[in-house]
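What follows is one structure encoded as structure tokens, with my remarks underneath.
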Amino acid sequence: MDTDTLARIESSETHIFKAVFPNTTNHYDTLFGGTALQLMDEASFICATRFSRKKVVTVSTDKIDFTEPIPQGTLIELVAKVITVGNTSCVVQVDIFRENMYKDGRKKAVTGFFTFVAIDDEKKPVKIMYSTP
Ligand SMILES: CC(=O)SCCNC(=O)CCNC(=O)[C@H](O)C(C)(C)COP(=O)(O)OP(=O)(O)OC[C@H]1O[C@@H](n2cnc3c(N)ncnc32)[C@H](O)[C@@H]1OP(=O)(O)O
């Protein structure tokens, strides 16, 4: 990858923090999977938009691994970063880290991959790389 692309990847890395309150949990008192997916979709969309500064749509979601439960009353951080850049598309990796509110340290709990395509006003694919208007 060229230095311009690497710089855009670095500057578009997106971080979102949330508190896991009862309205987001399931009957096991852990973060509901559907809520996690919605948050990941939003974080990856913001990341792809900041990377390209173009209209983007989700064309595909890849394997999503839920490796640790996220209990109610914890904090989570979503980290979204572009990992692959194509002609009109890019792949964004999103990790969710969980943190105890009252102890230092954190653990990765969920990882997923989302592919976005940049589109024009006619909804046709266009180059994903930002170009000065
Ligand atoms: C943010 C949101 O909420 S978006 C809402 C949900 N998403 C949508 O509604 C999108 C609906 N889909 C579409 O409109 C169309 O499929 C489009 C515009 C995304 C793509 O149109 P197509 O004519 O299929 O595009 P085309 O075949 O030229 O592929 C475009 C790029 O997408 C990639 N692509 C297409 N399908 C897939 C797929 N299933 N998985 C991964 N990449 C894919 C191609 O490899 C290509 O990448 P590249 O240019 O970097 O090599």
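Just so you know, ligand 1 is whichever comes first in the structure, and atom 1 is the first atom listed for that ligand. Any value given below was found using the heavy atoms of this structure, including those in side chains, with hydrogens, waters and symmetry copies removed.
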Review point. Are Met1 and Met129 connected in a single hydrophobic cluster, I mean Ile/Leu/Val/Met/Phe/Trp/Tyr linked by side-chain heavy atoms less than 4.5 Å apart?
Key: yes
Check your understanding: Can you find a side-chain donor-acceptor pair between Asp65 and Thr111 that sits under 3.5 Å?
Key -> no
**Study point:** Row check, Phe97 ring normal vs Arg106 NZ/CZ: under 6.0 Å, within 45°
**Key:** yes
Check your understanding: Do the side chains of Lys108 and Glu68 get nearer than 4.5 Å, heavy atoms only?
Key -> no
Exercise for review: Please assess Asp120 against Lys54 for the test salt bridge (Lys or Arg N to Asp or Glu O under 4.0 Å), listing each intermediate value before the final yes or no.
Suggested key: CA-CA 8 Å; Asp120 62 16; Lys54 295 183 181 180; over 6 Å; no
Practice item. Could you please provide the protein residues found below 4.0 Å of ligand 1 on a heavy-atom basis, arranged by chain and number? Key: Phe45, Val57, Thr58, Val59, Ser60, Gly86, Asn87, Thr88, Ser89, Thr115, Val117, Ile119, Lys123, Pro125
Check your understanding: Among all residues two or more places apart in sequence or in another chain, which pass the salt bridge (Lys or Arg N to Asp or Glu O under 4.0 Å) test with Asp29?
Key -> none
